[in-house]
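To start, the structure itself, in structure tokens.
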Amino acid sequence: ELPESYLRRLTPTQARLVLSQLAGVDDAIRARIRAAERYHAALRDVPEVLLPPLRSDFSHVYSAFPIQVPHRHEFLRFMMSERRDVAAQHLHNCADLPCFREFHRECPNARMTARSVVLLPTYPRYAAAEIERNIATIRRFFARR
């Protein structure tokens with residue numbers, strides 16, 4: 001059963017907003033991929049940071065650049081105190097959720113991932129200088145540990 005709101009069409013205003021952006025979608029994806037490439041190149045030698053595989057063939061559009069870090073809460077507090085635009089990914093290890101208790105099994109990788117993923121910004125208009133500041137701040141955080 002679909003919610004009633006799913007059965008509606010876009011309003012004319014919504015449709016105009018979407019249509020006005022379609023021509024720039026590929027360029028926006030290219031900008032996001034460039035940001036992902038920069039993060040990947042600059043952070044691959046930081047042993048505490050687990051990076052995703054890099055894809056530049058449009059098979060990943062990088063709405064954000066996910067990394068896994070130890071001590072995520074401390075990391076996020078530091079990044080935010082440095083005025084960096086980062087966010088915790090709100091994943092759950094479904095094997096640990098009460099609603100899936102009957103299917104429970106130990107999933108240490110899922111548990112670790114749920115506790116460690118951070119999202120770095122890749123907005124199409126996000127300045128390259130801001131990406132460089134994020135990189136420098138991440139490196140500074142791990143250098144002090």
Side-chain angles (χ1 to χ4, degrees), residues 2-3 5-6 8 10-11 13-145:
L2 292 173
S5 62
Y6 285 23
R8 295 193 184 112
L10 294 175
T11 67
T13 300
Q14 290 170 322
R16 277 193 302 278
L17 288 171
V18 169
L19 290 172
S20 71
Q21 295 181 46
L22 282 181
V25 167
D26 286 350
D27 288 338
I29 292 170
R30 283 186 194 91
R32 289 177 180 277
I33 290 171
R34 281 191 302 274
E37 289 171 336
R38 182 62 193 128
Y39 284 128
H40 202 276
L43 297 173
R44 67 177 166 222
D45 67 333
V46 180
E48 298 90 347
V49 177
L50 180 60
L51 302 172
L54 185 62
R55 303 281 186 259
S56 57
D57 61 0
F58 274 53
S59 63
H60 195 308
V61 298
Y62 294 102
S63 56
F65 188 76
I67 61 173
Q68 285 180 249
V69 298
H71 314 288
R72 179 175 68 177
H73 184 72
E74 181 184 347
F75 175 81
L76 288 169
R77 287 178 59 92
F78 178 79
M79 294 295 286
M80 289 179 187
S81 74
E82 296 291 315
R83 300 184 183 272
R84 298 291 82 219
D85 183 8
V86 296
Q89 173 64 285
H90 298 289
L91 300 171
H92 296 283
N93 172 18
C94 292
D96 287 341
L97 295 177
C99 62
F100 295 113
R101 185 171 288 121
E102 69 180 283
F103 307 106
H104 178 79
R105 66 180 189 165
E106 285 303 309
C107 298
N109 290 337
R111 191 173 292 122
M112 180 190 67
T113 299
R115 290 191 310 246
S116 66
V117 176
V118 171
L119 302 174
L120 303 178
T122 59
Y123 319 121
R125 292 189 195 114
Y126 197 61
E130 293 299 322
I131 292 171
E132 295 304 322
R133 286 184 192 103
N134 288 342
I135 291 165
T137 307
I138 291 167
R139 295 181 76 83
R140 200 165 62 249
F141 175 81
F142 289 108
R144 70 188 190 109
R145 291 190 116 286

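In this chain, residues are counted from 1 in sequence order.
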With [X], which residues qualify under side-chain contact (heavy atoms from CB on, under 4.5 Å), at least two apart?
| X | value |
| --- | --- |
| Thr11 | Thr13, Gln14 |
| Ala136 | none |
| Leu54 | Ala36, Glu37, His40, Tyr62 |

Do [X] and [Y] come close enough that some side-chain heavy atom pair is under 4.5 Å?
| X | Y | answer |
| --- | --- | --- |
| Cys94 | Phe103 | no |
| Arg32 | Pro124 | yes |
| Val86 | Leu120 | yes |
| Val117 | Ile67 | no |
| Arg140 | Glu82 | yes |
| His104 | Asp96 | yes |
| Arg44 | Leu51 | yes |

Over 60° means perpendicular and under 30° means parallel, so tell me whether Phe141 and Phe75 are parallel, tilted or perpendicular.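 Because their plane-to-plane angle is over 60°, the rings of Phe141 and Phe75 count as perpendicular.
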Could you give the distance from CZ (Arg72) to CD (Gln89), rounded to the nearest 0.5 Å?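 If we round to the nearest 0.5 Å, Arg72:CZ and Gln89:CD are 8.5 Å apart.
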Expected list for residues 22-30: side-chain donor-acceptor pairs under 3.5 angstrom, two or more places apart:
residue, atom, partner, partner atom, Å
Asp27, OD1, Arg30, NH1, 3.1
Arg30, NH1, Asp26, O, 3.4

Carefully, step by step, assess Gln68 and Val49 under the rule side chain to side chain contact (heavy atoms under 4.5 Å, CB included). CA-CA 6 Å; Gln68 285 180 249; Val49 177; over 6 Å; no
My understanding is that only residues two or more places apart in sequence, or in another chain, count here; which of them pass salt bridge (charged side-chain N to carboxylate O under 4.0 Å, His left out) with Arg144?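 Partners of Arg144 by the salt bridge (charged side-chain N to carboxylate O under 4.0 Å, His left out) criterion, ordered by chain and then number, come out as Glu74.
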Residue pairs passing the side chain to side chain donor-acceptor pair (under 3.5 Å) test where at least one lies in residues 128-138, sequence neighbours excluded: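 For residues 128-138, and leaving out neighbouring residues, the side chain to side chain donor-acceptor pair (under 3.5 Å) pairs sorted by first residue read Arg38-Glu132, Tyr39-Asn134, Arg84-Glu130, Arg84-Asn134, Tyr126-Asn134, Glu130-Arg133.
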Are any of the side-chain nitrogens in Asp45 or Arg139 under 4.0 Å away from the carboxylate oxygens of its partner?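 Salt bridge flag = yes for Arg139 with Asp45.
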